[in-house]
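First comes the structure, then the notes that go with it.
Chain identifiers are assigned alphabetically (A, B, ...) following the order of the sequence lines, protein sequences preceding nucleic acid strands; residue numbering begins at 1 within each chain.
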2 protein chains.
Amino acid sequence: MNSTAKSCAALAKQLTDSGLRPTPQREVVFKVILEKRDHPTADEIYVRVKSQMPTISLATVYNCLETLVHCGLVRQVNLERAPTRYCPNLHEHAHFHDDTTGQVHDIELPADTIKELRKLLPIGFDANTVELAFRGRAASDPHGSN
Amino acid sequence: MNSTAKSCAALAKQLTDSGLRPTPQREVVFKVILEKRDHPTADEIYVRVKSQMPTISLATVYNCLETLVHCGLVRQVNLERAPTRYCPNLHEHAHFHDDTTGQVHDIELPADTIKELRKLLPIGFDANTVELAFRGRAASDPHGSN
DNA sequence: TTCCTGTTTAGAATTATTCTAAATCCATGT
DNA sequence: ACATGGATTTAGAATAATTCTAAACAGGAA
């Protein structure tokens with residue numbers, strides 16, 4: 001089971017499973033996020049989508065993103081005080097925010113890292129999400145990611 | 001060495017060390033953050049400060065906060081898409097954001113947790129900050145913190 | 001005192017996001 | 001095929017957090 005969302009076929013299924021419609025707007029937004037995995041912001045997604053579907057509105061992009069996040073097809077990444085970014089990598093992973101370039105890199109984690117981190121919580125705390133984010137600078141092209 | 005900022009005396013020193021002036025505004029903002037450690041937002045700080053110094057402006061509160069963060073007297077906490085919060089606990093610690101109440105709790109971490117997390121970074125990545133945040137719900141008063 | 005630089009202030013500006021209300025779409029029942 | 005109703009999209013207004021701007025102010029060095 002690859003936890004990275006793969007295709008628009010998956011999209012249609014996931015949407016209808018949630019009682020939602022696989023509309024052209026949702027498809028193109030999803031496609032754009034899959035295409036270039038650089039953690040784009042809503043605005044960047046808007047620009048990219050417009051070239052394929054010039055009539056789409058920014059509000060729709062926000063709507064679609066909300067829907068995709070809700071269905072678990074896309075993850076939302078909030079780093080420091082900056083526009084929210086979107087990420088189709090559904091693996092448990094951390095993010096590295098490069099202060100120099102502003103780019104966001106995925107950092108894959110050993111299988112049980114998040115599980116271990118959860119154990120650090122005192123009793124009484126029940127986390128449904130764990131976010132691990134680094135900030136700093138990355139060598140120009142650390143491992144070919146973007 | 002207690003890494004939690006303790007007093008306004010410490011403030012004055014830290015500021016002058018950085019070539020900045022220990023102004024009344026900076027002092028009162030700092031005092032308010034120390035007083036009630038509930039991770040207040042800039043706006044909440046503004047309200048609290050105004051009762052002691054009614055002429056202060058919101059912009060000044062933002063300025064002072066920026067200064068305090070710069071001097072390392074206060075930490076900035078950004079959780080999901082919400083107003084930035086401020087925290088005088090300078091220990092390495094994580095945050096737990098309670099979805100139900102909106103409250104933020106400090107989670108103290110074993111001494112080397114952050115160091116271990118840093119090791120997970122591929123070569124070429126050099127992090128100067130590591131943020132670990134949980135979201136979920138906490139038992140009504142998990143351990144008397146707020 | 002005068003000058004200089006750092007600081008504060010009020011209000012305008014910016015930016016990301018959400019809201020609103022009207023238009024449109026689509027599946028369904030007739 | 002056709003009307004109905006709920007979901008979706010749209011454009012633009014509204015909101016909220018933060019930053020910017022320009023003018024006033026303050027305090028220390030010359």
Side-chain angles (χ1 to χ4, degrees), chain A residues 11-12 14-32 39-50 52-71 73-74 76-87 97 102 104, chain B residues 11-12 14-32 39-50 52-71 73-74 76-87 97 102 104:
Chain A
L11 167 68
Q14 197 95 349
L15 285 172
T16 45
D17 283 2
S18 311
L20 299 164
R21 293 187 203 150
T23 68
Q25 287 86 347
R26 284 168 180 168
E27 276 169 25
V28 68
V29 166
F30 186 50
K31 191 148 62 77
V32 154
H39 304 83
T41 64
D43 225 62
E44 287 162 353
I45 293 167
Y46 178 49
V47 170
R48 294 177 199 178
V49 162
K50 272 236 282 227
Q52 298 176 55
M53 184 186 274
T55 60
I56 201 169
S57 77
L58 178 57
T60 300
V61 170
Y62 273 103
N63 287 342
C64 293
L65 289 171
E66 197 192 350
T67 305
L68 295 176
V69 169
H70 243 92
C71 295
L73 285 157
V74 160
Q76 215 168 352
V77 186
N78 295 118
L79 295 156
E80 100 285 350
R81 284 234 54 74
T84 300
R85 292 169 176 279
Y86 297 86
C87 164
H97 183 247
V104 177
Chain B
L11 167 68
Q14 198 95 350
L15 284 172
T16 46
D17 282 3
S18 310
L20 299 164
R21 296 188 200 149
T23 68
Q25 287 87 347
R26 284 169 180 169
E27 275 168 25
V28 67
V29 166
F30 186 49
K31 189 146 65 73
V32 155
H39 303 83
T41 64
D43 225 62
E44 285 161 354
I45 293 167
Y46 178 49
V47 171
R48 294 176 198 179
V49 162
K50 272 237 281 228
Q52 298 176 52
M53 184 185 275
T55 60
I56 200 170
S57 77
L58 178 57
T60 300
V61 171
Y62 273 104
N63 287 342
C64 294
L65 289 171
E66 197 192 350
T67 304
L68 295 175
V69 169
H70 243 91
C71 295
L73 285 157
V74 160
Q76 214 169 355
V77 186
N78 295 116
L79 295 157
E80 98 285 353
R81 283 231 57 71
T84 300
R85 292 168 176 280
Y86 295 87
C87 164
H97 184 247
V104 177

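- Considering only side-chain atoms of B/T23, the nucleotide from D/dT10, C/dT8, C/dT5 that sits closest is C/dT8.
- Checking each of A/L73, A/V29, A/T16 against A/L11 for a side-chain contact (heavy atoms from CB on, under 4.5 Å) leaves exactly one that passes, namely A/L73.
- Atom pair A/R21:CZ and C/dC26:P shows a separation of 8 Å (rounding to whole Å applied).
- Contact annotation: the side chain of B/T67 never approaches that of B/H70 to less than 4.5 Å [non-hydrogen atoms, C-beta and beyond].
- A close approach under 4.0 Å does occur between a side-chain nitrogen or oxygen of B/Q25 and OP1 or OP2 of C/dT9.
- The shortest side-chain heavy-atom distance between A/N78 and B/N78 does not fall under the 4.5 Å cut-off.
- In this entry the distance linking OH of B/Y46 with C1' of C/dT9 reads 10 Å, nearest Å.
- When side chains are defined from C-beta on, B/R85 does not count as touching B/Q76, because their heavy atoms never get closer than 4.5 Å.
- At whole-Å resolution of the value, CG in A/L20 and C1' in D/dT9 are 14 Å apart.
- In this entry the distance linking CZ of A/R85 with P of C/dA16 reads 10 Å, nearest Å.
- When distances are taken from the side chain of B/L58 to each of D/dT18, C/dT7, C/dC25, the shortest belongs to D/dT18.
- In the set C/dT9, D/dA11, C/dT17, the nucleotide with an atom closest to the side chain of A/A59 is D/dA11.
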| task | Run the numbers on B/T23 and B/L15 for side-chain contact (heavy atoms from CB on, under 4.5 Å), then give the verdict. | result | CA-CA 9 Å; B/T23 68; B/L15 284 172; over 6 Å; no
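- Taking the side chain of A/S57 as heavy atoms from C-beta on, and the options C/dA16, C/dG6, D/dA11, the nearest nucleotide is D/dA11.
- A sub-4.0 Å separation between OP1 or OP2 of C/dT9 and a side-chain N or O of B/T55 is present.
- Using a distance-only test at 3.5 Å, with no hydrogens or angles considered, a donor-acceptor pair links the side chain of A/H39 to the main chain of A/V104.
- With contacts defined as side-chain heavy-atom distances shorter than 4.5 Å, the pair B/I45/B/L65 qualifies.
- In this structure, the CD atom of A/E27 is 14 Å from the C1' atom of D/dT8, given to the nearest Å.
- Residues from residues 60-69 of chain B that place a heavy atom under 4.0 Å from any atom of DNA chain C, listed by number: B/T60, B/N63.
- Neither OP1 nor OP2 of C/dA16 sits under 4.0 Å from any side-chain N or O of A/T84.
- Ranking D/dT8, C/dT8, D/dT10 by closeness to the B/R26 side chain, first place goes to C/dT8.
- For A/L15 and C/dC25, the CG to C1' distance is 16 Å, given to the nearest whole Å.
- D/dA17 atom P lies 10 Å from atom CD of B/E44, rounded to whole Å.
- Counting to the nearest Å, the C1' atom of C/dT7 and the NE2 atom of B/H70 are 16 Å from each other.
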